[in-house]
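Reviewing the structure listed below.
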Amino acid sequence: MVSRHPMMAEQFVLFAILAAALVCFVWGRLRYDLIAVLALLAAVVSGVVPASEAFMGFGHPAVVTVAAILILSRALRNSDVVGWVSAALEPVAGHPTRQLLALTALTAACSAFMNNVGALALLLPVALHGAIAAKRPNSQLLMPLSFASLLGGLITLIGTPPNIVIANFRAEVNGEPFGMFDFAPVGLIVAVVGIAYIALVGWRLLPQGGEPPKPDAPKPLLDIDDYITEVRLPAKTAYVGKRIAELEALGQEDVSVVALVRGRDRILAPSGFLKLQADDILVLESDADALKSLTEKAGLTLVGAAGLSAENLRSERVGLVEAVIIPGSSMEGRTARSLRLHTRHGVNLLAVSRQGEPIQERLGQVRFMAGDVLLLQGEVEALPDSLAQLGCLPLAERGLELGRKRTGSVFTPILFVAAILLTTLGILPPQIAFVAAAVGVVLIGDLQPRELYESVDWPIVVLLGAMIPVGLALESTGGSATIAQPILLLGGHAPVWVILTLLMIMTMLLSDIINNAATAVLMAPIGITIAQGLGVNPDPFLMAVAIGASSTFLTPIGHQSNLLVMGPGGYRFSDYWRMGLPLDALIVAVSIPAILWFWPA
């Protein structure tokens, strides 16, 4: 008994670290990658993870493969597919069920071979255009699109990070990882059933409120018409000869100069370095309090309402775009004031919406969150680069053909398919095949070196790299055996399918509150321990963890895709389980028999 005490002490320390990490994940005030690094450091300092193994996770094949897939997903998105996809879906726009079936099936198909968020980002503008054409609220299309991206990821090894993690855990147990399409027999069944549920039943459980947009005049997510005012710059003011940026700094980023009228010339989105002249008329976007403060401080003369709507604040040179802040964006947790959006990035922030509701507080003081929808003004040619730098995804485009100049060629999909074939045939391991393909798309010029680094979701990479040693410690300290013990006690009284069901439900619930990749890292050792304790094949237990880890349908925080559609769809936290809970139940009912059929215990 004495010899077990050090092991028990290590388990206690590790459980305390994991419990603290779980609380931080649920709390949501700290980024999940930071939480993972803190958990790793705590495990190293406490001696649970040897210092020599602290950073082994960053060189783990799963982490390398995930990074390579993210790069290739970006290269595939650089191809001009949104236009022809929109055209292909136009015939079904008038039929709700057919439209949803086509959109979700296409999203799932893309997600099987791309990063989940990449597939969603590719088809999100298509869905918004589809909502306009079908006169439907965004809320009826966007959550189904997000759920479809998660379902599609179940089909292949590279469809979602949890599958890559599970495949590598299997290699440690059986000496051979799961192959490219080993997930397909079960994943495809679950995806087909899930998409059928979403298209036929699920969307009807979502909020139906809100006016549908008109096809000839898209209803914007944000409206600023009541916040546009004209002021005149008198000759006596001290700001004659000063730059626009200095005037905006006086307004503390709560005021945006969206246009300048000088004589007969009207300059939209004027540069912050443009010098002001006497009698210039400035068109400002601001709330009443910020406007009053600025006019008093700068000695401006109020002219009145500008007589302009948001639609008049664009031209061939200047555009307006609604964009959503993606998870991991550099804007998260920062304000427009600290980012200096106009002077550093060349865009004016005109409005912010959160969960479908406009934020009324001063724009310069809003601390941005992932999922916030922004209305931005800037030069058409510069907007795509500005959005990419800020970590924003364009949504509704107001008379603006927004998007990077497509550089993708036929060689990118060829390299991608070649990597899949090399992996499937066992010629090269996944991490080598997909890294080679990623290097290839850069060498042929389909992806710029700068885009290569931008395309990697570094928080996910850091999360996996930090959590893998912690997950392995769960097994080495006997912690997974301790957690599995209550379930093993059922082994003599319950069939295997009951144990698998419990394991999958546990994984689903955990994945709804922490990142799905972290869930896979923590639950895979437990699944393996249960299988070994029962003396059965661990493959069905690993498959159950893989399905459960990617079934993040109850909350917006479990997966980036869910968070990404929260703002544009106007969803509330409680809306997710309305469609997600029946889907979870359906997945359990369908996948458990399928797992035992294709991967018998």
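For reference, positions follow the sequence shown, starting with 1.
- The side chain to side chain donor-acceptor pair (under 3.5 Å) contacts involving residues 507-518 comprise nothing, where partners must be two or more places apart or lie in separate chains.
- For residues 113-125, the side chain to side chain donor-acceptor pair (under 3.5 Å) pairs, not counting sequence neighbours, are S111-N116, N116-T160, N116-H559.
- Judged as a ring pair (Phe, Tyr, Trp, His ring centres under 6.0 Å), and not counting sequence neighbours, Y32 has no contacts.
- Here ring-ring contact (aromatic ring centres under 6.0 Å, His included) pairs that include residues 158-196, with residues two or more places apart or in two chains, are F178-F183, F178-W599.
- In this structure, the side chain to side chain contact (heavy atoms under 4.5 Å, CB included) partners of L101, at least two apart in sequence or on a different chain, are I195, A199.
- Evaluation of the salt bridge (Lys or Arg N to Asp or Glu O under 4.0 Å) test over residues 368-380, restricted to residues two or more places apart or in two chains, returns R317-E379, R354-D372.
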Only distances under 3.5 Å count here; give the side-chain donor-acceptor pairs of residues 457-465 to other protein atoms, sequence neighbours excluded, each with its distance to 0.1 Å.
from: D457; atom 1: OD2; to: Q560; atom 2: NE2; distance (Å): 2.7
from: W458; atom 1: NE1; to: Y453; atom 2: O; distance (Å): 3.1

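- Residue pairs meeting the salt bridge (Lys or Arg N to Asp or Glu O under 4.0 Å) criterion with at least one member in residues 171-199, sequence neighbours excluded, do not occur.
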Under 3.5 Å, which donor-acceptor pairs link side chains of residues 415-444 to any protein atom two or more places apart or in another chain?
from: T423; atom 1: OG1; to: A419; atom 2: O; distance (Å): 2.9
from: T424; atom 1: OG1; to: I420; atom 2: O; distance (Å): 2.7

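- Between I35 and F25, the closest side-chain pair of non-hydrogen atoms falls below 4.5 Å.
- Scored by the salt bridge (Lys or Arg N to Asp or Glu O under 4.0 Å) test, D33 finds R31 as partners (sequence neighbours excluded).
- Not counting sequence neighbours, the partners of Y576 by the ring pair (Phe, Tyr, Trp, His ring centres under 6.0 Å) test are Y571.
- Applying the salt bridge (Lys or Arg N to Asp or Glu O under 4.0 Å) rule to D539 yields the partners R170; only residues at least two apart in sequence or on another chain are considered.
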